[in-house]
Every structure is written in structure tokens, then in C-alpha cells.
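A quick write-up on the structure given underneath.
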Amino acid sequence: MPEGHTIHALAARLNRTLGGEQVDVSSPQGRFAADATLIDGRTLDHASARGKHLFIHFDDLADLTLHVHLGLIGSFHVKQRSEQGTAASPPRLRLEGRSHIAELRGPMICALIDEPSRQTILDKLGPDPLHAPDVLADGAGRAWARISRSRKVIAELLLDQSVLAGVGNVYRCEVLFRHRIDPFTPGRELGRRLWDSLWDDLVALLPLGAAFSQILTMQDQVDAAAELVGDGSALAIAEGLTGERLGDHFERRFHTYQRTGERCDRCGRRIREQVLGGRTLYWCPGCQRRRKR
DNA sequence: TATATATGGATAA
DNA sequence: TATCCCTATATAA
């Protein structure tokens with residue numbers, strides 16, 4: 001279940017386990033069979049991620065790149081050859097290397113695309129807090145240019161991948177709580193200072209999420225994760241993503257996400273939910289009140 | 001067994 | 001705003 005951190009961790013893991021290797025490619029489920037034949041036997045040069053999009057580059061494949069978007073329910077499991085498959089549905093795509101096998105199931109997108117198409121996809125994405133060049137090239141300012149002109153509420157803008165790329169429903173709910181922002185504040189009324197604090201927080205949180213393959217927003221867990229990762233800026237973490245720390249290193253705990261009716265751990269009010277922009281928003285009506293700029 | 005829901009997003013209306 | 005796609009899982013029946 002993917003937000004940006006999942007996709008970046010996945011790209012790093014693919015690079016470690018299959019990068020530079022010749023891979024056997026197939027489509028047991030059948031829907032990708034024709035394209036799989038084109039890739040079969042080629043060398044997987046590298047994988048890269050931007051927002052929630054994954055790109056896998058192969059040698060000698062003209063200018064074609066494999067584009068994957070997991071959507072809401074997709075999964076891309078990279079396992080050791082020796083691991084037994086728990087025989088779920090047949091994967092749409094299987095990449096087999098010397099030591100590892102990657103299996104893709106239920107993706108929203110799995111297609112070979114040419115370079116202009118890839119560029120079009122990238123051009124539509126806002127700055128990605130996990131993409132170092134975006135962070136260094138005033139990603140905060142570029143996103144703010146959109147937000148500060150919008151009458152849409154901030155909870156909706158955070159999910160708009162053309163405003164910023166990689167944030168999904170969990171991070172939006174949680175980061176708004178962390179900064180005590182009323183989710184229904186229009187972008188134009190948010191204020192630059194508050195936005196900068198939101199962006200900076202995402203730049204810190206997403207790399208930790210990627211490093212541990214788990215969304216961490218409770219401050220005690222964030223501190224513990226940062227400690228485990230060691231010194232270094234969030235950017236350094238993002239670039240050196242191990243992604244090896246898979247599995248449940250931390251208890252699954254959130255401030256508001258899927259906690260409707262429970263008491264807020266800060267103020268005691270009951271967490272509320274409301275569908276906003278097609279997704280369920282969770283927030284604390286006590287902590288997250290409208291503020292003056 | 002059936003149904004609802006899910007960390008997403010495109011498209012139709 | 002509603003519908004659709006794709007799969008896994010939890011809960012209800």
C-alpha cells in the first residue's frame with residue numbers, strides 16, 4: 001500500500017537486488033505478456049522513483065522504460081529465490097534475477113513507455129520531498145506558488161500530485177495534525193510560514209518512512225527512527241535509503257488516521273472523519289482549528 | 001460466502 | 001460527483 005515513501009524504497013530495493021543483472025521477465029497473469037517478451041533476457045540497469053511513479057530502465061531497449069504505478073491496491077514484492085511464494089494470484093509481471101524475484105500484482109499502471117511520454121508524466125508532477133533536486137531547487141516555493149493561489153482546502157491540495165508529489169492519505173492526515181492545521185483551511189489562507197513548516201516536516205518524515213518502509217508520524221517513533229538511521233540530513237537518508245529495514249520495526253500507531261471516534265492523544269476530543277476529495281479524511285476537531293496567519 | 005474497505009487516480013457525466 | 005480498475009484482507013452473514 002503505497003505512498004511516495006513506498007515507491008522510493010522499492011526502487012532502492014530493486015537496485016540492490018536486481019540492478020545490473022540480466023533478468024528473466026514473464027507475465028504469468030498474461031495481461032503484460034507481449035511487453036514482457038520485449039524485456040525478457042535484458043539487463044536491468046536501474047530503477048528510479050518520482051512521487052508515486054516507479055520507472056525501471058533496461059539496457060538495449062530502445063528508449064523504452066517500464067512505468068509502474070501501484071495505485072491503491074497494487075503490490076511489488078521483492079523476495080529471495082529461496083522464499084516460498086504463498087501462492088496468491090498470478091503476478092502480472094515477474095522479474096527473475098540470480099538471487100531475487102520481483103512480483104507485481106494489481107498495479108494501476110504497468111506499461112512500456114517512450115521518453116517523451118515519461119517526460120510528460122514527470123512534467124505533471126509537483127516537487128517530491130523525496131527527490132533531492134526538488135528539495136534543493138526550492139520545491140517548497142514551487143508548491144507554495146500553487147497553494148497560495150488556490151481556494152481549495154489544504155487537505156485536498158496535499159493529495160494533488162501536481163501540487164506536490166508523493167503524499168497520500170495517511171501522510172496528509174497525520175502531517176496536518178502534527179502542525180495543528182484545520183484541514184479545511186483554503187490554500188490561499190494558509191500562510192507561507194505554516195506551509196514551510198509542513199514541507200520541511202515532509203522532507204524529514206518521508207525519508208524515514210522510506211528507510212523503514214513504514215509511515216512514522218508519532219514523534220517518539222520519529223525520534224527513535226532518526227536515531228537508528230544515525231546522523232545526517234533527511235536528504236542524506238533519502239539518497240542512502242537502505243530499504244532493508246522491512247517489516248514491522250515499529251508498532252502501527254497514528255494520531256488520527258483510521259481512529260474515528262477514538263480520543264485524541266493530545267486533547268482528548270474524539271477524532272472525526274469525512275470524505276474529502278474522494279478519500280477519507282481524519283482529523284481532531286480540538287487540535288486542528290483555524291488559525292490566523 | 002458475501003460485502004466493505006484500502007496508503008490512487010483516470011475518466012465519464 | 002460517480003464509476004471503474006486491480007487485489008488483499010477483515011468483518012458480516
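Labels below follow one simple rule: chain letters A, B, ... track the order of the sequence lines, proteins then strands, and each chain is numbered from 1. Worth knowing before you read on, the calculation uses all heavy atoms, side chains too, and leaves out hydrogens, waters and symmetry mates.
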For [X], which residues count as a salt bridge (charged side-chain N to carboxylate O under 4.0 Å, His left out) partner, sequence neighbours excluded?
{"X": "A/Arg252", "result": "none"}
{"X": "A/Glu273", "result": "none"}
{"X": "A/Asp59", "result": "none"}

Exercise for review: Kindly indicate whether the side chain of A/Lys79, heavy atoms from C-beta on, has any atom under 4.5 Å from the side chain of A/Glu103.
Suggested key: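 A side-chain contact under 4.5 Å exists here.
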Check your understanding: Under a 4.5 Å cut-off applied to non-hydrogen side-chain atoms, are A/Leu104 and A/Leu70 in contact?
Key ->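 Touching, per the 4.5 Å side-chain cut-off.
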Review point. Quick one, which residues of residues 173-184 of chain A touch DNA chain B with a heavy atom under 4.0 Å?
Key: none
To the nearest Å, how far apart are [X] [atom1] and [N] [atom2]?
{"X": "A/Met108", "N": "B/dT7", "atom1": "CE", "atom2": "C1'", "value": "13 Å"}
{"X": "A/Leu164", "N": "B/dG8", "atom1": "CG", "atom2": "P", "value": "13 Å"}
{"X": "A/Leu158", "N": "B/dT7", "atom1": "CG", "atom2": "P", "value": "15 Å"}
{"X": "A/Ile7", "N": "B/dG8", "atom1": "CD1", "atom2": "C1'", "value": "10 Å"}
{"X": "A/Leu159", "N": "B/dA10", "atom1": "CG", "atom2": "C1'", "value": "15 Å"}

Practice item. Establish, with yes or no, whether the OP1 or OP2 oxygen of B/dG8 is under 4.0 angstrom from a side-chain nitrogen or oxygen of A/His69. Key: no
Review point. Should A/Lys52 be listed as having a side-chain N or O under 4.0 Å from OP1 or OP2 of B/dG9?
Key: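 So the side-chain polar atoms of A/Lys52 do come within 4.0 Å of the phosphate oxygens OP1 or OP2 of B/dG9, strictly under.
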Point to revise | Where chain A begins and ends its contact with DNA chain C, read 5' to 3' at 4.0 Å from heavy atoms | key: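 Contact span on the strand: C/dC6 to C/dA8.
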Applying a 4.0 Å non-hydrogen cut-off, can you work out what [X] is touching in the nucleic acid: base, sugar-phosphate, or nothing?
{"X": "A/Leu70", "answer": "nothing"}
{"X": "A/Arg172", "answer": "nothing"}
{"X": "A/Gly168", "answer": "sugar-phosphate"}

Check your understanding: Does C/dT7 have a Watson-Crick or wobble partner in any strand here, with both distances under 3.5 angstrom, and which is it?
Key -> B/dA6
Point to revise | A/Arg142 CZ: over 12 foreign heavy atoms closer than 6.0 Å | key: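 Yes.
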Check your understanding: CZ of A/Arg81: more than 12 outside heavy atoms within 6.0 angstrom?
Key -> yes
Between [N] and [M], how many Å separate the two [atom1] atoms, rounded to a whole number?
{"N": "B/dA10", "M": "C/dA8", "atom1": "C1'", "result": "22 Å"}
{"N": "B/dA4", "M": "C/dT3", "atom1": "P", "result": "14 Å"}
{"N": "B/dT5", "M": "C/dC4", "atom1": "C1'", "result": "16 Å"}

Specify whether [X] and [Y] have parallel, tilted or perpendicular ring planes, treating 30° as the upper limit for parallel and 60° as the lower limit for perpendicular.
{"X": "A/His53", "Y": "A/His67", "value": "parallel"}
{"X": "A/Phe184", "Y": "A/Trp283", "value": "perpendicular"}
{"X": "A/His255", "Y": "A/Phe177", "value": "parallel"}

Protein-nucleic acid N or O pairs under 3.5 Å, nucleotides 3-6 of chain B:
{"residue": "B/dA6", "atom": "OP1", "partner": "A/Tyr282", "partner atom": "OH", "Å": "3.4"}
{"residue": "B/dA6", "atom": "O3'", "partner": "A/Tyr257", "partner atom": "OH", "Å": "3.1"}

Practice item. With DNA chain B as reference, determine whether A/Thr6 or A/Ile109 sits nearer its 5' end, using the nearest nucleotide of each. Key: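 Looking at the nearest nucleotide for each, A/Thr6 comes out on the 5' side.
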Check your understanding: A/His46 and A/Phe55: aromatic ring centres closer than 6.0 Å?
Key -> no
Point to revise | Presence of salt bridge, A/Asp220 and A/Arg253, under 4.0 angstrom | key: yes
